[in-house]
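Hydrogens, waters and symmetry mates are skipped; everything else that's a heavy atom, side chains included, is used. This chain uses plain numbering: 1 for the first residue, then up along the sequence. Predicted model, so just to flag it, every value in this text is computed and none were measured.
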Amino acid sequence: MAMVAVTAALIGFFAFVIMRVTTPQMTTLFTDLSVEDSAGIVKDLERQAIPFELRNDGAVIMVPKDKVTRLRMKLAEGGLPKGGGVGYEIFDKSDALGTTSFVRALEGELARTIRAIDRIQAARVHLVLPERPLFSRETPEPSASIVVRVRGSLEPQQIRAVRHVVASAVSGLKPQRVSIVDEAGQLLADGATGDADNTIADERRAGFEKRMRSQVEAIVSSVVGAGRARVQLSADFDYNKITQTSDRFDPEGRVLRSSQTREESSATAESNGQVTVNNELPGNQNKDNATPARDQSKKTEETNNYEISRTTKTEVTEAGRVNRISVAVLVDGSYAKNDKGEMVYQERSKEQLDRIAALVRSAIGFDQKRGDQVEVVNLKFAEAPLVVPVGEPTGLLGMLQFTKDDVMYVIELGVMMLLGLVVLFMVIRPLVKRILASEEISSLIGDGSVPALTDASAQPAGIPSQSLIPNATAQMIDVAQVQGQVHAQSVHRVGELAERNPNETASILRQWLAEPAA
């Protein structure tokens with residue numbers, strides 16, 4: 001029975017090893033699937049007779065690794081996965097194109113687009129597109145509300161991106177009219193307050209500070225070492241928009257625009273006090289009575305108009321200019337080994353700190369008139385940072401370009417082979433040797449080389465037959481060992497039996513001596 005049990009266990013073990021080795025390695029086909037998409041994909045896989053596994057209540061589907069790429073392309077050709085929503089395919093099932101169908105289709109397509117953004121698992125979009133009432137001068141503005149399920153939390157620029165994507169896809173919709181709520185009921189964007197300007201200003205300031213801090217930290221770390229510098233940067237922005245217009249006149253730059261000249265002349269003659277018609281006629285045809293003029297006058301006027309050079313300058317200062325930058329840099333000292341081999345902290349010299357400060361001022365575009373401040377301080381850090389270099393895999397691993405899954409698969413095969421060898425040498429080999437030894441002893445008994453002490457008449461008084469059988473077996477093993485056919489372990493067993501039953505052993509030996517030789 002023990003032999004049968006061991007044999008069955010070995011058969012089961014090696015069957016498990018063979019099945020585990022021959023089973024194809026499974027990898028993820030799709031994740032975060034809806035019930036509809038999961039059902040459609042499973043139906044297609046069953047039709048193609050491709051093995052698969054369902055995990056996480058059907059949200060994850062596993063398929064053989066060597067078929068995952070072809071399956072993704074084939075399923076994409078059939079429109080799977082659809083994303084769990086209804087999009088433009090609703091028009092394929094309807095006979096007429098109506099406003100309600102169009103809004104539903106647009107909501108479904110926007111939900112699919114939003115789900116493509118990182119950290120967003122699911123999304124629902126509701127659009128309100130009011131119609132313009134008759135005899136109304138004002139048109140109601142459209143609005144949108146979005147409910148998202150996210151992994152972790154969304155960054156401000158991602159929230160703003162979602163609002164602009166939806167606003168750009170709907171005619172007349174403004175980003176300020178888009179509300180976003182997460183699955184916990186937290187308001188991520190309010191579509192009623194119109195806080196887009198403040199959000200953009202905060203994002204611009206945060207992005208500027210992050211970029212400048214990264215630049216300063218990179219240049220300082222290259223001098224003092226990675227992880228041995230801490231940089232804090234604060235920027236003061238002015239978000240007021242200023243428009244200034246100025247006119248400038250140049251008196252030296254004159255251009256003649258127009259010129260006008262006027263001349264007048266008059267003469268007065270003596271008429272002897274007589275007033276006649278002839279005297280009043282033009283030209284005074286009575287030349288006999290003409291008298292020389294007593295007074296003559298002449299008047300000349302000249303008018304010149306000039307264009308004066310004029311310069312009109314309009315300056316527009318956009319919002320978001322930097323008023324002041326403040327930078328605080330904390331650097332760790334240097335470490336060196338002393339005579340005893342211990343690491344000793346050493347402060348950095350003032351000259352080195354001044355050079356670091358000069359580098360920081362150049363990196364931020366330091367302007368003293370603007371009121372910028374830069375402080376570089378050397379203090380000992382509480383704990384030396386641990387720097388673990390991360391590089392590309394080299395050697396055989398880098399040349400073969402094994403992935404993590406491949407390495408784990410090779411390790412699993414190695415463990416299976418090691419267990420197989422352990423079972424082979426620790427279980428099967430001793431079992432086979434014991435079976436062979438038993439067959440040799442049986443052959444000796446069958447040939448008559450060893451007397452069988454099983455006769456009840458040959459047993460001493462007071463000794464049961466069951467106690468004589470082990471002694472006889474041990475005696476037969478002893479004789480077989482003398483002939484070189486049994487293991488030394490059996491001799492030890494004979495000695496133990498003899499020490500345990502000295503009287504029975506002596507009786508058996510006397511009986512053998514009294515028997516006549518064959």
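Residues Ala229 and Ser221 share a closest heavy-atom pair of CB-OG, 4.3 Å. Among all heavy-atom pairs drawn from Ser222 and Ile219, the shortest one is OG-O, 2.6 Å. Of all heavy-atom pairs between Val147 and Asp182, the closest is CG1-O, 4.4 Å. Scanning both residues, Ala111 and Ala123, for their nearest heavy atoms gives CB-O, 3.6 Å. Annotation for Val331 and Arg348: closest pair CG2-CD, 4.4 Å, computed over non-hydrogen atoms.
We find the CD-CZ distance between Gln176 and Arg163 to be 6.5 Å, quoted to the nearest 0.5 Å. Within the model, atoms CG of Asn378 and CD of Gln346 stand 11.0 Å from one another, a figure rounded to the nearest 0.5 Å. Here the CG atom belonging to Leu127 is positioned 8.0 Å from the OG atom belonging to Ser145, to the nearest 0.5 angstrom. Remark: Ile41 CD1 to Ile61 CD1 distance equals 4.5 Å, nearest 0.5 Å. Rounding to the nearest 0.5 angstrom, the gap separating the CD1 atom in Ile117 from the CD1 atom in Ile159 is 10.5 Å.
Annotation: side chain of Arg355 is not in contact with side chain of Leu359 (no heavy-atom distance under 4.5 Å). For the pair Tyr345 and Asp332, the minimum side-chain heavy-atom distance is below 4.5 Å. Residues Leu75 and Leu29 are in side-chain contact: their nearest non-hydrogen atoms beyond the backbone lie under 4.5 Å apart. Side-chain contact between Phe381 and Leu330 is present, with at least one heavy-atom pair separated by less than 4.5 Å.
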With a cut-off of 3.5 Å and sequence neighbours excluded, list every side-chain donor-acceptor pair involving residues 151-158.
| unit_1 | atom_1 | unit_2 | atom_2 | d |
| --- | --- | --- | --- | --- |
| Glu155 | OE1 | Gln157 | NE2 | 2.5 |
| Gln158 | OE1 | Glu155 | N | 3.1 |

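Under the ring pair (Phe, Tyr, Trp, His ring centres under 6.0 Å) criterion, Phe208 pairs with Phe237, not counting sequence neighbours. For the salt bridge (Lys or Arg N to Asp or Glu O under 4.0 Å) test, no residue two or more places apart in sequence or in another chain qualifies with Lys337. When the side chain to side chain donor-acceptor pair (under 3.5 Å) test is applied to Gln121, the partners found at least two apart in sequence or on another chain are Arg149. The salt bridge (Lys or Arg N to Asp or Glu O under 4.0 Å) test applied to Glu209 returns Arg205, not counting sequence neighbours.
A distance-only check finds no donor-acceptor pair linking the side chain of Arg177 to the backbone of Ala144 [under 3.5 Å].
Evaluation of the ring-ring contact (aromatic ring centres under 6.0 Å, His included) test over residues 44-73, restricted to residues two or more places apart or in two chains, returns none.
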Could you go step by step and tell me if Arg112 and Glu109 meet the salt bridge (charged side-chain N to carboxylate O under 4.0 Å, His left out) rule?
-> CA-CA 5 Å; Arg112 293 177 181 177; Glu109 291 296 324; 3.2 Å; yes
Between Ile146 and Leu110, does a side chain to side chain contact (heavy atoms under 4.5 Å, CB included) hold up when you go through it step by step?
-> CA-CA 10 Å; Ile146 304 172; Leu110 287 175; over 6 Å; no
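Salt bridge Arg104/Glu107: absent, no basic N to carboxylate O contact under 4.0 Å.
Annotation: Arg213, atom CZ; neighbour count of heavy atoms from other residues, nucleotides and ligands within 6.0 Å is above 12.
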